[in-house]
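See below for the structure under consideration.
Values in this document were obtained by computation on a predicted structure and should not be read as measured data. So that the names make sense, note that chain A is the first sequence line, chain B the second, and so on, each numbered from 1.
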Amino acid sequence: MRDKQCGAVSRDDIGNTLTLSGWVFRRRDHGGLIFIDLRDVTGIVQVVFSPEISPDAHERAGDIKQEFVISITGKVRKRPEGTENPNVPTGEVEVYADTFQVLNTCKALPFQLDEEEPSEALRLKYRYLDMRRLEIQKVFVERSKAYKVIRDYLTSCGFLEFETPFLTKSTPEGARDFIVPSRLNAGNFYALPQSPQLFKQILMIGGFDKYFQIVRCFRDEDLRADRQPEFTQVDIEMSFVDVDDVLSVCEGLVSALYLELKGEPLATPIPRMPFSEAMELYGNDKPDLRFDLPMIEITDIFKDTEFGVFKKTIEDGGAIKCLVLKGKTLARKDLDTSVEITKEMGAGGLIWIRKESGNLKSPVVKYLKDNEISLMDERLHLSDGDVVFIMADGRNKVNDVMGRFRLYLGDKYDLIRKDQFKFLWIVDFPLFEYSEEEKRYVARHHPFTSPQGSIKDFSGDYGAFKARAYDLVLNGVEIGGGSIRIHRKDDQMEMFKLLGHKVEDAEEKFGFLLEALDMGAPPHGGLAFGFDRILMMLLGLESIRDVIPFPKTQKGTCLLSGAPSKIPQRQLNELRIRVTGEQQ
RNA sequence: GGGGUCGUAGUUAAGCCUGGUUAUAACGCCGGCCUGUCACGCCGGAGGCCGCGAGUUCAAUUCUCGUCGACCCCGCCA
């Protein structure tokens, strides 16, 4: 049906007769002469229909419309002097059609493939048309390359690729599960995996030593620009390792991916930052280091202050922190907007101070002592025009709000160097975090995470106990995370106990893991990368939907297939399911 | 569950704030012309429940409320 792909036609083919197939991209009908850009995934090539070459083909070519699928046969020729097109790789040559065949027609398109992007909803409904666009094809060519790099790298390191069940068991903690009813066991349900966590641990206990899988995971939570209900993880697990071993393998993998997709080596090692430092400097556990602007603590400067707000904060054990915006010109309106923005973010208030002609100016300066002002000026190295934003409140509140305000400032004042890729390991996570909803401490990572040191040394201070867990962050987005696991049953039981699980419950939910841990489980640990997110970031795209062939909308629907949908009563009966409280 | 943005020919947008004669443009589509174009060009034409439903008004694409859908954010996402 074809001798080669459209983009592969070159000057080496001049003089040869080729058969080429593809889609009619653009047509330029000059009456006497018709040009068609024939397109496939490799590129486009110009086909000429001339009455002097084939009157029949020229006559019939008048009826060809865009996106017809055609096959043409003709001689490749060098283009006449002055008509070459340097913008196209095949622009030196063209194919003079002797004969052609219409393999399929195409009705009028719902949107044009070579113009402004139609709405995303329309693109998703007609995803097969959207995909024909060059820029979309590029993404999935890159995605395919990424799969290969990952498989090549990990297998070369001795990792074995596995598949684990999709029809599996619901696990407590973590995200909401997607549920699949069991026909053979009416009234019982499978859960789709949030990750293959337990199975990969079992594979380690099974002695396979190094496991990986490029695997779909499912989480029934609300969607975001970087979150889909089904997404792909690069899942990795290794035996006889500690944190450094895992991070080192992962850095190798990320470097290989980066080299493939960005065409340049990645500077390694990737820097590491303790969780607590990330929280204190950037207010979250995934700082965007493409711009600096850390929070600076100035609580100590005001230890004897007369200024009510600060005094009260310090008495209540809170913190006073600031962000210093340098080299930007802010109008009074910008400052007022900043106050509004932080209030919307949950701040009690925001104080700004601006340095003008060597003096600090602000509505609150009159409440501050001279030495407080000069200490601030000195510590913050202020120059004329600099603005200091100060917040005083509980430490967690300050970190949270200032962290988000920092991102706002970074965006608003173009501080972010958009061409940079700042990878960062966050390490030394707390093992536990308090859940307001459940009124108890839960595992911050998951309940199989090993603490630093022995779990038997737990002092009772949940907040201070650290985990052997780590996250990989790229430009303010979490792209991977993992931990060293608990590999002994007694430790795991202790962990469940600390989390407030009853022994019977733990046995019921994880009996198979607990029993396996009791039969020679090796020390092991691993990590999972969010494959879609990494692609999104490295390809410079705004949404995870852009790197998924058939993504779902924010309400979890597939505009192409119409899922989810009702099912016939017969199927419900088979499953012994009755639908109640249905919304029409 | 909550906050916000958007919805106008097939498509992308303008008009809406400040209600009033025939809702504008580009691309696409249909017809005609054109032998060197490559976003071909030129001439002509068709194409609209202004998302849907209420309300205000003499009059609503325009103002208000509701609703549906897409998107962004908070909660949620070990």
Notebook entry, point to check: Given the P atoms of B:G75 and B:C63, what is the spacing between them in whole Å?
Noted result: 33 Å

Notebook entry, point to check: With a non-hydrogen cut-off below 4.0 angstrom, is A:Glu117 in contact with a base, only sugar-phosphate, or nothing?
Noted result: sugar-phosphate

Notebook entry, point to check: Between the side chains of A:Gln233 and A:Ser195, does any donor sit under 3.5 Å from an acceptor?
Noted result: no

Check: Using the P atom in both, what is the distance from B:G51 to B:C17, to the nearest Å?
Finding: 15 Å

Note to self: Looking only at side-chain N and O atoms, does A:Ser450 offer a donor or acceptor that is under 3.5 Å from a partner on A:Arg468?
What the structure shows: yes

Next item on the list: Starting at atom CG of A:Asp226, determine the distance to atom P of B:C76, rounded to an integer number of angstrom.
Entry: 16 Å

Check: With a non-hydrogen cut-off below 4.0 angstrom, is A:Glu344 in contact with a base, only sugar-phosphate, or nothing?
Finding: nothing

Checklist line | side chain to side chain donor-acceptor pair (under 3.5 Å) partners of A:Asp411, counting only residues at least two apart | finding: none

Next item on the list: Check whether any side-chain heavy atom of A:Phe49 sits under 4.5 Å from a side-chain heavy atom of A:Val47, and report yes or no.
Entry: yes

Check: To the nearest Å, how far apart are A:Ile53 CD1 and B:U35 P?
Finding: 16 Å

Margin query: Could you tell me how far B:A26 sits from B:G20 if I compare only their P atoms? Round to whole Å.
Written below: 24 Å

Next item on the list: For B:G2 and B:A39, measure between their C1' atoms and round to the nearest Å.
Entry: 46 Å

Next item on the list: For nucleotides B:G55 and B:U61, find the distance between their P atoms and express it as a whole number of Å.
Entry: 14 Å

Checklist line | Any residue of residues 70-84 of chain A with a heavy atom less than 4.0 Å from an atom of RNA chain B | finding: A:Arg79, A:Pro80, A:Thr83, A:Glu84

Note to self: Just to be sure I understand the rule, does A:Tyr96 reach a base, reach only the sugar-phosphate, or reach nothing, if contact means heavy atoms closer than 4.0 Å?
What the structure shows: base

Notebook entry, point to check: Between B:C71, B:C77, B:G36, which nucleotide gets closest to the side-chain atoms of A:Leu33?
Noted result: B:G36

Check: Does A:Arg227 put a side-chain nitrogen or oxygen below 4.0 Å from OP1 or OP2 of B:C73?
Finding: no

Item checked: Rounded distance in Å - CG (A:Leu38) to C1' (B:C38) -> 14 Å

Check: Out of A:Tyr462, A:Phe465, A:Phe458, which residue meets the ring pair (Phe, Tyr, Trp, His ring centres under 6.0 Å) rule with A:Tyr441?
Finding: A:Tyr462

Note to self: Could you tell me how far B:C33 sits from B:A70 if I compare only their P atoms? Round to whole Å.
What the structure shows: 46 Å

Check: Which base, if any, makes a Watson-Crick or G-U wobble pair with B:G69, both distances under 3.5 Å?
Finding: B:C6

Check: Can you find a donor-acceptor pair, distance only, under 3.5 Å between A:Glu437 side chain and B:G75 base?
Finding: no

Notebook entry, point to check: Pick from A:Tyr470, A:Trp425, A:Tyr282, A:Phe429: which one makes a ring pair (Phe, Tyr, Trp, His ring centres under 6.0 Å) with A:Phe275?
Noted result: A:Phe429

Margin query: Please give the distance between the P atoms of B:C16 and B:U21 as a whole number of Å.
Written below: 13 Å

Check: Between atom NE2 in A:His446 and atom P in B:C77, what is the gap in whole Å?
Finding: 15 Å

Notebook entry, point to check: Contact class for A:Lys125 vs. all strands (heavy atom < 4.0 Å): base, sugar-phosphate, or nothing?
Noted result: nothing

Notebook entry, point to check: Is there a donor on the side chain of A:Glu116 or the base of B:U11 sitting less than 3.5 Å from an acceptor on the other?
Noted result: no

Checklist line | Phosphate OP1/OP2 of B:C30: any A:Lys107 side-chain N/O under 4.0 Å | finding: no

Item checked: Pairing partner (Watson-Crick or G-U wobble, both distances under 3.5 angstrom) of B:A39 -> none

Next item on the list: Calculate the interatomic distance between A:Glu52 atom CD and B:G36 atom P; express it in whole Å.
Entry: 11 Å

Next item on the list: Find the distance A:Arg123:CZ to B:C71:P and express it as a whole number of Å.
Entry: 11 Å

Item checked: Test salt bridge (charged side-chain N to carboxylate O under 4.0 Å, His left out) applied to A:Arg127 and A:Asp130, step by step -> CA-CA 5 Å; A:Arg127 188 62 156 162; A:Asp130 189 41; 2.7 Å; yes

Margin query: Hydrogens and angles aside, do A:Gln46 and A:Arg28 bring a side-chain donor and acceptor to less than 3.5 Å of each other?
Written below: yes

Check: Could you state the CD-C1' distance from A:Glu221 to B:C77, rounded to the nearest angstrom?
Finding: 5 Å

Note to self: Applying a 4.0 Å non-hydrogen cut-off, can you work out what A:Ser50 is touching in the nucleic acid: base, sugar-phosphate, or nothing?
What the structure shows: nothing

Could you go through nucleotides 1-10 of chain B and list every protein N or O atom that sits under 3.5 Å from one of its N or O atoms, giving the distance for each pair?
from  : atom 1 : to       : atom 2 : distance (Å)
B:G10 : O2'    : A:Pro110 : O      : 2.8

Hey, what are the protein-to-nucleotides 67-70 of chain B N/O distances that come in under 3.5 Å?
from  : atom 1 : to       : atom 2 : distance (Å)
B:G69 : OP1    : A:Lys555 : NZ     : 3.2
B:G69 : OP2    : A:Lys555 : NZ     : 3.3
B:A70 : OP1    : A:Thr553 : OG1    : 3.2
B:A70 : OP1    : A:Thr557 : OG1    : 3.4

Note to self: If you count every heavy atom of other residues, nucleotides or ligands that lies below 6.0 Å from A:Glu437 atom CD, does the total exceed 12?
What the structure shows: no

Margin query: Counting the atoms with a prime plus P, OP1 and OP2 as sugar-phosphate, which does A:Glu94 contact under 4.0 Å by heavy atoms, base, sugar-phosphate, or nothing?
Written below: base

Note to self: Is it true that, when you exclude A:Lys489 itself, more than 12 heavy atoms of the residues, nucleotides or ligands shown sit nearer than 6.0 Å to its NZ?
What the structure shows: yes

Checklist line | Residues that A:Lys4 engages under side chain to side chain donor-acceptor pair (under 3.5 Å), provided they are two or more places apart | finding: A:Asp13

Check: Going by the angle between their ring planes, with limits at 30° and 60°, are A:Tyr408 and A:Phe405 parallel, tilted or perpendicular?
Finding: parallel

Margin query: For A:His501 and A:Phe496, take the angle between the two ring planes, folded into 0 to 90°, and tell me which bin it lands in: parallel under 30, tilted 30 to 60, perpendicular over 60.
Written below: perpendicular

Checklist line | Base partner of B:C58, which must satisfy Watson-Crick or wobble distances under 3.5 Å | finding: B:G20

Next item on the list: May I ask you to check if A:Arg60 and A:Phe100 form a cation-pi contact, with NZ or CZ under 6.0 angstrom from the six-membered ring centre and within 45° of the axis?
Entry: yes

Next item on the list: Can you check each nucleotide of nucleotides 39-45 of chain B against protein heavy atoms at under 4.0 Å and return B for base, S for sugar-phosphate only, - for none, in 5' to 3' order?
Entry: SB-----

Notebook entry, point to check: Taking atom types as modelled, is there a side-chain donor on A:Gln452 or A:Asp428 under 3.5 Å from an acceptor on the other?
Noted result: yes

Note to self: Measuring only the P atom in each nucleotide, how far is B:C65 from B:U5? A whole number of Å is fine.
What the structure shows: 11 Å

Checklist line | Base paired to B:G44 (Watson-Crick or G-U; both N/O distances under 3.5 angstrom) | finding: B:C30

Note to self: Could you measure the distance from the CG atom of A:Leu407 to the CG atom of A:Asn284? Nearest 0.5 Å is fine.
What the structure shows: 6.0 Å

Check: Please give, in whole Å, the distance from B:C73 P to A:Met345 CE?
Finding: 13 Å

Check: Do you see a donor-acceptor pair shorter than 3.5 Å between the side chains of A:Ser54 and A:Asp56?
Finding: no

